[in-house]
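Protein chains get the first letters and strands the later ones, always in sequence-line order, with residue 1 at the start of each.
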Number of protein chains: 2
Amino acid sequence: MDEPKPLRPTSEATLRRLPIYHHLLQKRLATGIKTISCSQIAEELSCDATQIRKDLAVTGIKGRPKVGYDLAALILSIEIFLGWSRVRKAFLAGAGHLGSALLGYNRFHHYGLDIVAAFDRDPDRVGTKVHGREVLPINKLAGLAKRMRVEVGIITVPAPVAQEVADFMVSGGVRAIWNFAPTKINVPAGVIVQNEDLYSSLGVLLQKLSAAHRLR
Amino acid sequence: MDEPKPLRPTSEATLRRLPIYHHLLQKRLATGIKTISCSQIAEELSCDATQIRKDLAVTGIKGRPKVGYDLAALILSIEIFLGWSRVRKAFLAGAGHLGSALLGYNRFHHYGLDIVAAFDRDPDRVGTKVHGREVLPINKLAGLAKRMRVEVGIITVPAPVAQEVADFMVSGGVRAIWNFAPTKINVPAGVIVQNEDLYSSLGVLLQKLSAAHRLR
DNA sequence: TAGATTGTTAATCGATTAACAATC
DNA sequence: TAGATTGTTAATCGATTAACAATC
């Protein structure tokens with residue numbers, strides 16, 4: 001009699017909004033308030049209160065009518081739901097500009113991610129340290145990933161070699177890939193790929209700018 | 001009698017996919033082929049051919065039944081539609097890790113963007129050069145933006161100062177902001193904001209990983 | 001000509017928004 | 001109690017997918 005519902009996965013739109021709420025809530029927590037309502041969040045973010053209520057509901061939090069949500073409990077509920085309460089090990093491949101920038105983000109571990117090592121093909125980079133993490137040769141990636149039980153791979157190599165690197169990660173047992181290369185990577189079923197394509201974002205921005213131009 | 005239709009703006013989903021097609025098309029162009037059909041693209045990207053056809057249609061391209069699209073014409077059509085054929089000047093605020101990484105992207109000008117200068121508040125950074133661009137003090141941003149007719153602002157400063165920087169950009173006449181700070185920025189109507197929130201992406205990735213875990 | 005592919009209209013699906021009862 | 005806010009069901013909206021005529 002337990003769990004008979006088909007349980008559709010949470011929509012990507014909702015998942016993308018939860019971290020935005022989380023950020024606002026933490027800002028509010030710092031001011032010392034104890035509770036917050038959907039209408040307050042909606043006001044601040046200029047979005048719809050009902051949508052926020054539905055988004056928050058997926059995390060399992062319960063609010064109190066006339067009061068709202070307990071701020072600390074809500075923050076924790078989002079963190080647990082998003083998987084930020086357990087830190088997962090990650091390998092980063094491609095210690096160029098973008099890769100180095102990501103290695104420099106020292107708050108990722110608050111968000112469930114610990115980049116434990118970086119890999120590169122360039123012998124000039126191998127052996128150096130970037131933000132405290134040693135850069136290792138790319139051919140060690142798969143073996144070390146398996147040995148260290150690394151769950152996440154971050155791809156910041158150029159597009160032409162992204163697939164090859166993804167294959168190394170998969171063979172090392174990595175189960176989720178954060179792909180910053182502007183190209184499609186093919187992985188076996190069950191491996192999660194999250195694409196982060198800067199050119200797509202830039203395309204959206206510039207097209208809107210062009211369209212606004214045309215209207216005037 | 002011209003243009004009486006209400007003309008809904010192109011959906012963001014379509015805008016995000018166009019650069020992905022563009023990348024694939026350029027890869028194909030390099031192999032020497034002259035035409036391509038939607039089913040070929042769909043096969044390569046594992047997505048729906050009808051969707052691709054509709055996406056491409058917004059750019060105004062016309063295909064030929066039984067043949068497909070002229071590859072070079074299609075690439076150009078996407079570039080013109082996205083506004084990549086005219087290069088716009090951009091200022092970047094925040095010459096830290098991520099800002100430096102973006103300054104190092106030397107292909108942005110192929111995609112309609114030319115980052116002409118960087119700004120920072122830290123006196124230690126001001127005066128240095130990052131990837132060939134001088135770092136200027138942040139208080140010069142608004143005046144210079146106006147004088148140089150800079151249209152795009154890129155925000156890579158920490159969240160707490162993002163709003164202040166956005167205000168400088170707006171007062172300098174910038175009409176589109178690419179915001180990498182994980183916080184909402186308020187701008188007057190007519191100014192375009194494109195948010196690029198790494199924590200949102202990370203949230204999506206890790207939640208899916210957690211959810212996959214729970215199922216097993 | 002026959003068949004593959006485009007372009008477009010209709011049907012489906014899912015996400016957002018509105019309505020409203022439950023509750024503190 | 002009255003009123004604000006949650007939780008949930010229904011209505012709307014838009015995007016994706018299917019169907020099919022037009023065309024090369």
_Worked verdict on A:Ile78 versus A:Ile75 for side chain to side chain contact (heavy atoms under 4.5 Å, CB included)_ = CA-CA 5 Å; A:Ile78 293 175; A:Ile75 290 172; over 6 Å; no

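- At least one donor-acceptor pair closer than 3.5 Å links the side chain of B:His23 to the backbone N or O of A:Pro182.
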*List the steps and the verdict of side-chain hydrogen bond (donor to acceptor under 3.5 Å, both in side chains) for B:Gln40 and B:Ser37.*
CA-CA 5 Å; B:Gln40 288 172 287; B:Ser37 73; 3.3 Å; yes

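- As a whole-Å value, the separation of A:Ile52 CD1 from D:dT6 P is 10 Å.
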*Starting at the 5' end of DNA chain D, write a dot or bracket for each base, bracketing those in Watson-Crick or G-U wobble pairs whose two distances are under 3.5 Å and using | for partners on another strand.*
..||||||||||||||||||||||

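- The distance between atom CZ of B:Arg8 and atom C1' of D:dA15, rounded to the nearest whole Å, is 9 Å.
- Residue A:Lys62 contributes atom NZ, which lies 10 Å from atom C1' of D:dT8 at whole-angstrom precision.
- Checked by atom type, the side-chain pair B:Asp55/B:Thr14 shows a donor-acceptor distance below 3.5 Å.
- For A:Leu15 and C:dA15, the CG to C1' distance is 13 Å, given to the nearest whole Å.
- Using a 4.0 Å cut-off between charged side-chain N and carboxylate O, A:Arg121 and A:Glu164 make a salt bridge.
- Rounding to whole angstrom units, CD of residue B:Glu12 and P of D:dT16 are separated by 12 Å.
- Listed in residue order, the members of residues 198-212 of chain B having a heavy atom less than 4.0 Å from DNA chain D come to none.
- Here the P atom of nucleotide D:dA4 and the CD1 atom of A:Ile36 are 19 Å apart, to the nearest Å.
- Using a 4.0 Å cut-off between a side-chain N of Lys or Arg and a carboxylate O of Asp or Glu, B:Glu12 and B:Arg17 do not qualify as a salt bridge.
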*Between protein and nucleotides 18-24 of chain C, map the contacts as a letter string: B base, S sugar-phosphate only, - none, heavy atoms under 4.0 Å, written 5' to 3'.*
B----BB

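- Across the protein-nucleic acid pair, A:Gln51 atom CD and C:dG14 atom P stand 18 Å apart, rounded to whole Å.
- Checked against a 6.0 Å centroid threshold, the rings of B:His97 and A:His97 do not count as neighbours.
- Taking atom CG on B:Leu56 and atom P on C:dT6, their separation rounds to 9 Å, with Å as the unit.
- The closest donor-acceptor contact from the side chain of A:Gln194 to the backbone of B:Leu202 lies at 3.5 Å or more, if one exists at all.
- In this structure, the ring of A:Tyr111 has its center no less than 6.0 angstrom from the ring center of A:Phe108.
- The nearest heavy atom of DNA chain D to B:Arg17 and to A:Ser37 marks one nucleotide each, and the one closer to the 5' end goes with A:Ser37.
- Heavy atoms from other residues, nucleotides or ligands lying under 6.0 Å from CD of A:Gln26 number more than 12.
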*asked:* With side-chain hydrogen bond (donor to acceptor under 3.5 Å, both in side chains) as the criterion, how do B:Ser201 and A:Glu196 come out once you've worked through the C-alpha distance, each side chain's angles and the decisive distance to 0.1 Å?
replied: CA-CA 8 Å; B:Ser201 298; A:Glu196 194 75 36; 2.6 Å; yes

